[in-house]
Amino acid sequence: MTHGPPRAARRRRLRRTFYDRDAVEVAPELLGKLLVLDHEHGRLAARLVEVEAYRGADDPGSHAFRGRTARNATMFSRPGLLYVYFTYGMHWCANAVCGPGTTPHAVLLRAACPVEGLDVMRERRPTASRELDLLRGPANLARAFGLDRAHDGADLTRGVLGIADDGFAPGDISVTRRVGLAPGKGDDLALRFAVAGDPHVSRRG
DNA sequence: CAGAAGATCTGC
DNA sequence: CAGATCTTCTGC
């Protein structure tokens, strides 16, 4: 997989209908897409190489498993929004809310290949010695993009934050079990999707 | 109201 | 492989 921006490629922002489906359908289609964020100093862009699908009442690994709470309210609101949550006392993680409708599905953005704004990413990720590690892992990706509580509920279909299709087609996709779930909490479900062999993926499947 | 767990990361 | 670090949720 080559990650450089295709010359003169048009970036088309993904619309609400893209997200308005089961997360298991949406997740693999997000691979190869560009996460884009315009900020005060310029633009950040990265190609998604690893994601995980989280469902609702039928998925014990999902924050939506036991219904709506203050934290997960964004998952129940509308497809195409960004659901950002805080965990382990220090990390933020970002998801694209899916559907269909108000079905509380989401796709966790786990890893990406840096494309634009690498200087800003390096400043925010001083412990990343290699460029490969800048966006490797969901909390690292969120940190490099500066995502936190302020971005929970942001609309990916308009505004400064979005996910775009520039015509890039990823290679083979590997499907494995999700990462970091306790036994019995849906750890056995094969809902993690990654670009096979891509070095930016957070870990081996 | 207290206790425990948590969709993680880093350094030893 | 364990510690960091604190919010959120659950049970009493």
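Lettering follows sequence order; numbering is per chain, from 1.
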*List in chain and number order the residues that pass ring-ring contact (aromatic ring centres under 6.0 Å, His included) with A/Tyr85, two or more places apart in sequence or in another chain; answer none if no residue qualifies.*
A/His63, A/Tyr83
_Value rounded to 0.5 Å, distance of CZ in A/Arg192 from OG1 in A/Thr176_ = 4.0 Å
*Under the 3.5 angstrom rule, does the side chain of A/Glu50 hit a backbone N or O of A/Ser202 as a donor-acceptor pair?*
yes
_For a side-chain contact (heavy atoms from CB on, under 4.5 Å) check, start with the C-alpha distance between A/Leu156 and A/Leu161, then their side-chain angles and the critical distance, and finish with the verdict._
CA-CA 6 Å; A/Leu156 292 168; A/Leu161 190 55; 3.8 Å; yes
*From A/Asn140 CG over to A/Phe145 CZ, what is the distance, rounded to the nearest 0.5 angstrom?*
12.5 Å
*asked:* Strictly distance-based, threshold 3.5 Å: is any side-chain N or O of A/His105 a donor or acceptor partner for the main-chain N or O of A/Ala23?
replied: yes
*Using whole Å, report how far CG of A/Asp148 lies from P of C/dT5.*
19 Å
*asked:* Once side chain to side chain contact (heavy atoms under 4.5 Å, CB included) is applied, do any residues pair with A/Arg177, and if so which ones, sequence neighbours excluded?
replied: A/Asp188
For nucleotides 10-12 of chain C, tabulate all protein N/O to nucleotide N/O atom pairs closer than 3.5 Å, reporting atom names and distance.
none

*Going by number, which of residues 22-29 of chain A have a non-hydrogen atom under 4.0 Å from DNA chain B?*
none
*Report which part of the nucleic acid A/Arg177 touches: base, sugar-phosphate, or nothing (heavy-atom distance under 4.0 Å, all strands).*
nothing
*Working to the nearest 0.5 Å, report the span between CZ of A/Arg68 and CE of A/Met75.*
12.0 Å
Show the distances under 3.5 angstrom between N or O atoms of the protein and N or O atoms of nucleotides 3-6 of chain B.
{"unit_1": "B/dG6", "atom_1": "N2", "unit_2": "A/Tyr88", "atom_2": "N", "d": "3.4"}

*Taking OP1 and OP2 of B/dT10, is either one under 4.0 Å from a side-chain nitrogen or oxygen of A/Arg125?*
yes
_salt bridge (Lys or Arg N to Asp or Glu O under 4.0 Å): pairs with one or both residues in residues 21-34 of chain A, sequence neighbours excluded_ = A/Arg21-A/Glu25, A/Arg21-A/Glu29
*Within this structure, what is the CE-to-C1' distance between A/Met75 and C/dC9, rounded to whole angstrom?*
16 Å
*Just how far, in rounded Å, is C1' of B/dA7 from CD of A/Glu50?*
11 Å
*Check the pair A/Arg203, A/Val179 against side-chain contact (heavy atoms from CB on, under 4.5 Å), reporting the backbone distance first and the verdict last.*
CA-CA 9 Å; A/Arg203 53 164 107 177; A/Val179 174; 3.1 Å; yes
*Roughly, in whole Å, what's the span from CG in A/Asp187 to P in B/dT8?*
13 Å
_Phosphate contact (C/dT8 OP1 or OP2) by A/Asn72 side-chain N/O below 4.0 Å_ = no
*What pairs meet the salt bridge (Lys or Arg N to Asp or Glu O under 4.0 Å) rule with one or both residues in residues 148-159 of chain A, with sequence neighbours excluded?*
A/Arg16-A/Asp155
*Atom CG of A/Leu135 and atom P of B/dT8: how far apart are they, to the nearest Å?*
16 Å
_Nearest-nucleotide 5' precedence on DNA chain B, A/Tyr83 against A/Ala128_ = A/Tyr83
*Taking a hydrophobic cluster as the set of Ile, Leu, Val, Met, Phe, Trp and Tyr residues connected by side-chain heavy atoms closer than 4.5 Å, whether directly or through intermediates, do A/Val84 and A/Val160 fall within one such cluster?*
yes
*Using the criterion of both pairing distances under 3.5 Å for Watson-Crick and G-U wobble pairs, give all stems of 3 or more consecutive pairs involving DNA chain B.*
B:1-6 with C:6-11, B:8-11 with C:1-4
*Specify the residue among A/Met90 and A/Ala70 whose closest nucleotide of DNA chain C lies further upstream toward the 5′ end.*
A/Met90
*To the nearest 0.5 Å, how far apart are CG in A/Asp166 and CZ in A/Arg47?*
4.5 Å
*Distance-only, no hydrogens or angles: does the A/Arg136 side chain make a donor-acceptor pair with backbone N or O of A/Val201 under 3.5 Å?*
yes
_Without decimals, in angstroms, what is the distance between A/Arg203 CZ and B/dA7 C1'?_
11 Å
*What residues, two or more places apart in sequence or in another chain, satisfy side chain to side chain contact (heavy atoms under 4.5 Å, CB included) together with A/Arg43?*
A/Arg11, A/Val36, A/Asp38, A/Glu116
*Taking A/Asp59 for the side chain and A/Gly56 for the main chain, is one N or O donor matched with an acceptor at less than 3.5 Å?*
no
*Round to a whole Å and report the spacing from CG of A/Asp152 to P of C/dT7.*
15 Å
*asked:* Can you tell me how far apart SG (A/Cys93) and CZ (A/Arg143) are? Round to the nearest 0.5 Å.
replied: 11.0 Å
*Would you say the side-chain atoms of A/Asp20 pair up with the backbone N or O of A/Gly101, donor to acceptor, closer than 3.5 Å?*
yes
_Just the rounded figure in Å: distance from C1' of C/dC6 to CZ of A/Arg149._
11 Å
*List in chain and number order the residues that pass side chain to side chain contact (heavy atoms under 4.5 Å, CB included) with A/Ala144, two or more places apart in sequence or in another chain; answer none if no residue qualifies.*
A/Met121, A/Arg125, A/Leu135
*Within the structure shown, what part of the strands sits under 4.0 Å from A/Asn95 by heavy-atom distance: base, sugar-phosphate, or nothing?*
base
*asked:* Between A/Arg68 and C/dC9, is there a contact of a side-chain N or O with OP1 or OP2 at under 4.0 Å?
replied: no
*Is there a residue in residues 97-111 of chain A whose heavy atoms reach under 4.0 Å of DNA chain B, and which residues are they?*
A/Leu108, A/Arg110
*Residue-level proximity of residues 53-61 of chain A to DNA chain B when a heavy atom falls under 4.0 Å*: A/Tyr54, A/Gly61
